[in-house]
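Single-structure report; data block below.
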Amino acid sequence: LRGVKPGFTGAGLDRADHLRLDPAALAVALDHAEARLLGMAGLDPMVDDEARLVWGAVAGDPARLLFLGFDAGAPLFAPLVEAEPVGARPAHLFRIMAAMDAREAAIWGAARALNEWHNRHRFCGQCGAASTPYRAGWGRRCAGCEAEMFPRVDPVVIMLAEHRGRVLVGRQHGWPPGRYSALAGFVEPGESIEEAVARELHEEAGVRVGDVRYVASQPWPFPSQLMIAYIAQAEDDRLSLDTKEIEDALWVDRAGVAAALAGKVAAPFLAPPPFAIAHTLLGRWTREG
Ligand SMILES: [Zn+2]
């Protein structure tokens with residue numbers, strides 16, 4: 001049943017952190033008969049006709065390989081891909097992601113997010129000198145001041161405000177016609193996740209919330225967010241939209257959300273895709289009713 005578990009989760013790899021700084025153990029993993037290298041076209045996954053990941057033999061400079069972990073004993077690696085940061089995500093990638101197996105999307109998602117991090121941290125933020133990868137791809141070290149950098153994720157809250165059997169969905173400018181989703185925003189320094197949920201709902205929609213309840217989380221590899229999903233109880237259903245941030249917002253009841261998730265033509269909005277945690281969040285809420 002798609003959409004029950006958040007997308008980009010469930011890779012189930014043994015990440016074997018203890019190997020990352022152990023060159024001898026890494027050499028054994030590289031020479032393993034079942035070692036595999038993830039096929040990537042830039043930052044995108046290479047997939048076959050059935051949208052399955054394409055794997056090849058491990059080759060190239062070991063310093064340019066990212067160790068993803070063990071899959072039932074088989075060591076998995078991904079290439080370190082030099083790519084410019086990608087702005088808008090192309091439609092073809094969304095079609096691939098919609099067809100991909102959830103577990104394989106999670107494995108590629110980790111490789112993509114890690115690569116984005118490397119590409120955005122080529123220079124030291126402290127002294128400006130070049131940095132180089134180490135820890136089997138799970139870190140970089142500055143050649144100038146020896147500062148160590150580790151891959152980070154950016155926490156983003158994504159939430160439904162709920163009021164008397166209806167939830168709030170909104171749409172951003174430029175989205176496909178009819179598409180609405182949960183509102184979202186970055187957690188800022190100096191606030192808790194719950195405070196970020198309340199602030200974003202108030203800033204974007206003018207909604208005041210009381211109780212804020214955690215639902216689920218998902219890594220989102222564009223470039224490296226951690227989406228943290230909540231349902232928050234709204235004090236009332238009056239809206240005051242920040243139209244610079246969102247184009248429109250709607251209160252929708254369970255029947256409307258269920259119709260949207262089922263892709264019904266008469267649904268009040270077009271639902272986010274199953275690999276987005278907004279889909280999971282809407283689905284969980286519908287099943288609570
Ligand atoms: Zn430095």
Side-chain angles (χ1 to χ4, degrees), residues 8-9 11 13-31 35-45 58-70 75-89 93 106-157 184-193 195-196 199-200 217-228:
F8 297 107
T9 64
L13 301 186
D14 171 7
R15 295 185 174 215
D17 174 72
H18 59 280
L19 255 65
R20 294 171 180 170
L21 278 174
D22 184 340
L26 266 177
V28 170
L30 285 162
D31 286 337
R36 285 178 285 157
L37 180 64
L38 180 67
M40 291 181 76
L43 296 173
D44 292 355
V58 175
D61 179 1
R64 311 280 309 163
L65 296 176
L66 314 173
F67 173 56
L68 298 177
F70 292 103
L76 303 186
F77 293 87
L80 189 54
V81 180
E82 277 183 21
E84 292 301 313
V86 180
R89 294 180 292 281
L93 183 56
I107 293 170
W108 162 70
R112 189 191 196 285
L114 198 49
N115 264 298
E116 284 267 27
W117 178 79
H118 280 285
N119 282 306
R120 289 160 193 257
H121 292 81
R122 291 175 296 162
F123 299 94
C124 176
Q126 289 182 177
C127 78
S131 67
T132 49
Y134 81 125
R135 294 186 87 242
W138 294 88
R140 295 183 74 89
R141 197 156 32 201
C142 172
C145 71
E146 298 188 349
E148 295 175 302
M149 294 155 250
F150 303 104
R152 297 292 187 225
V153 296
D154 293 320
V156 172
V157 288
F186 285 96
V187 179
E188 295 187 345
E191 66 184 355
S192 69
I193 294 172
E195 287 166 340
R199 175 183 53 77
E200 285 287 341
S217 69
Q218 96 172 144
W220 182 249
F222 304 101
S224 189
Q225 273 98 276
L226 178 66
M227 310 297 295
I228 315 168

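Each ligand, and each atom within it, is numbered from 1 in the order the structure gives.
Once rounded to the nearest 0.5 Å, the distance linking CH2 of W220 with CG of D154 reads 14.5 Å.
For A25, the side chain to side chain contact (heavy atoms under 4.5 Å, CB included) test picks out L19, D22, with sequence neighbours left out. Looking at residues two or more places apart in sequence or on another chain, you find a salt bridge (Lys or Arg N to Asp or Glu O under 4.0 Å) between E191 and R199.
Around the Zn ion (ligand 1), the protein contributes the following N, O or S atoms under 2.8 Å, ordered by chain and number: C124 SG, C127 SG, C142 SG, C145 SG.
Side chain of S131 to main chain of C124: no donor-acceptor pair is present (N/O by atom type, distance under 3.5 Å, no hydrogens or angles).
Annotation: R15, atom CZ; neighbour count of heavy atoms from other residues, nucleotides and ligands within 6.0 Å does not exceed 12.
Applying the side-chain hydrogen bond (donor to acceptor under 3.5 Å, both in side chains) rule to pairs touching residues 143-152 yields Y134-E148, sequence neighbours excluded.
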